[in-house]
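Quick note: residue numbers are just sequence positions, from 1.
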Amino acid sequence: MSGLREYIFKIVILGDGKVGKTSLVLQYTEHKFNENYIMSIGANFAIKMVHVKDNTIIRLQLWDLAGQQHFQFVRPSFYRGAFASIFVFDLTRRDSFNSIRKWKEECDQYVPGIPLVLVGNKSDLNDERVVSRREGQALSLEIGSDYYYETSAKTADNIEKLFLDITDTLIEKHITNR
Ligand code: GDP
């Protein structure tokens, strides 16, 4: 049957090294978790297909970038055409929380005004937590993010919800006549 509509939403995932960006994507797209740390070289790229209605297909194109300064040169193509960004910090590392403002500044330079979401990851490591939910919520308000989530890429807690809400936000913003 004709009338099939297809949309691709590019989403960039930002945050310091080792906060769990790659793991979040892996858990969402493949329902897998890997304890062994593999440093990202350049950018990772994954696609997830989301059926919204019978005649509409949405693909999320998920990009995550290694946080290391020496990958600076890949930034422009990484950000180009992004519809939304997910800022990730590690609930057990305050330095990664403090870096979010820096990531927000960079994102604003390349793709100003896109919807943002803030994520505190590694919620399963509750005993090691150093950033409170209240602090996360306050930062979320400060940077103008649409939502604040606490997730675990290990247990999958809140991962589906995170991507579902972003998809809904993007549908609302970009797809009319539904
Ligand atoms: P990235 O550099 O931000 O992409 O971080 P990775 O996804 O490579 O994760 C860095 C390390 O943290 C790896 O050893 C992961 O196994 C671990 N990790 C990622 N997410 C979680 C989580 O939610 N809980 C726990 N306990 N470990 C995690």
Side-chain angles (χ1 to χ4, degrees), residues 9-28 40 43-46 48 58 60-126 128-154 156-174:
F9 294 138
K10 175 177 176 179
I11 299 173
V12 288
I13 304 178
L14 306 168
D16 284 359
K18 302 192 189 182
V19 296
K21 300 180 296 297
T22 308
S23 300
L24 284 172
V25 172
L26 193 66
Q27 181 58 259
Y28 178 56
S40 313
N44 297 320
F45 176 86
K48 173 94 168 181
I58 295 189
L60 299 184
Q61 214 182 70
L62 306 170
W63 294 58
D64 90 72
L65 183 65
Q68 286 72 13
Q69 273 313 108
H70 48 274
F71 295 131
Q72 197 68 33
F73 68 97
V74 298
R75 297 293 210 275
S77 53
F78 174 73
Y79 281 106
R80 191 171 304 125
F83 281 73
S85 58
I86 302 176
F87 294 90
V88 186
F89 67 93
D90 178 342
L91 289 163
T92 73
R93 271 175 49 209
R94 186 160 293 275
D95 59 332
S96 73
F97 177 74
N98 292 337
S99 291
I100 294 294
R101 292 183 185 89
K102 185 197 73 186
W103 285 108
K104 168 72 162 62
E105 267 173 40
E106 182 177 287
C107 184
D108 282 348
Q109 278 173 28
Y110 290 102
V111 273
I114 59 174
L116 317 174
V117 169
L118 180 65
V119 172
N121 186 43
K122 308 197 187 180
S123 61
D124 58 290
L125 300 177
N126 207 32
E128 295 167 46
R129 174 199 272 266
V130 296
V131 179
S132 70
R133 181 182 291 270
R134 190 180 288 262
E135 286 177 295
Q137 287 164 338
L139 181 62
S140 175
L141 270 180
E142 182 190 316
I143 65 172
S145 119
D146 292 2
Y147 303 96
Y148 172 63
Y149 296 95
E150 295 192 342
T151 61
S152 168
K154 186 171 184 174
D157 195 38
N158 260 345
I159 306 280
E160 278 291 332
K161 176 146 183 46
L162 159 69
F163 287 101
L164 204 65
D165 287 349
I166 293 174
T167 305
D168 282 347
T169 300
L170 292 177
I171 289 170
E172 193 72 28
K173 188 167 176 205
H174 295 284

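Looking only at side-chain heavy atoms (C-beta outward), Thr169 and Tyr147 come within less than 4.5 Å of each other. Within the 4.5 Å cutoff, side-chain heavy atoms of Trp103 are placed close to those of Ser99. A heavy-atom distance below 4.5 Å is found between the side chains of Tyr28 and Glu160.
The main-chain N or O of Pro115 is never found under 3.5 Å from a side-chain atom of Asp146 such that the two would form a donor-acceptor pair. Formation of a donor-acceptor pair under 3.5 Å by the Asn121 side chain with backbone atoms of Ala153 is found in this model. At distances below 3.5 Å, at least one donor-acceptor pair connects side-chain atoms of Lys10 with backbone N or O atoms of Arg80. Although no hydrogens or angles enter the test, the distance criterion places a donor-acceptor pair under 3.5 Å between the side chain of Lys21 and the main chain of Asp16.
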*Could you go through the side-chain contact (heavy atoms from CB on, under 4.5 Å) check for Ile166 and Ile86 one step at a time?*
CA-CA 9 Å; Ile166 293 174; Ile86 302 176; 3.4 Å; yes
*Given side-chain contact (heavy atoms from CB on, under 4.5 Å), test Lys173 with Phe83 step by step and report yes or no.*
CA-CA 10 Å; Lys173 188 167 176 205; Phe83 281 73; over 6 Å; no
*asked:* Please determine whether side chain to side chain donor-acceptor pair (under 3.5 Å) holds for the pair Tyr79 and Glu106, giving the CA-CA distance in whole Å, both sets of side-chain angles, and the decisive distance to 0.1 Å.
replied: CA-CA 10 Å; Tyr79 281 106; Glu106 182 177 287; 2.7 Å; yes
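Ring planes of Trp63 and Phe78: perpendicular class, angle over 60° (limits at 30 and 60°).
Distance check, rounded to the nearest 0.5 Å: CZ of Arg129 to CG of Leu125 gives 10.5 Å. Taking CD1 of Ile11 as the start and CD1 of Ile114 as the end, the distance is 9.5 Å to the nearest 0.5 Å.
Because its NZ or CZ atom is not both nearer than 6.0 Å to the ring centre of Tyr149 and within 45° of the ring axis, Lys161 does not count as a cation-pi partner of that residue.
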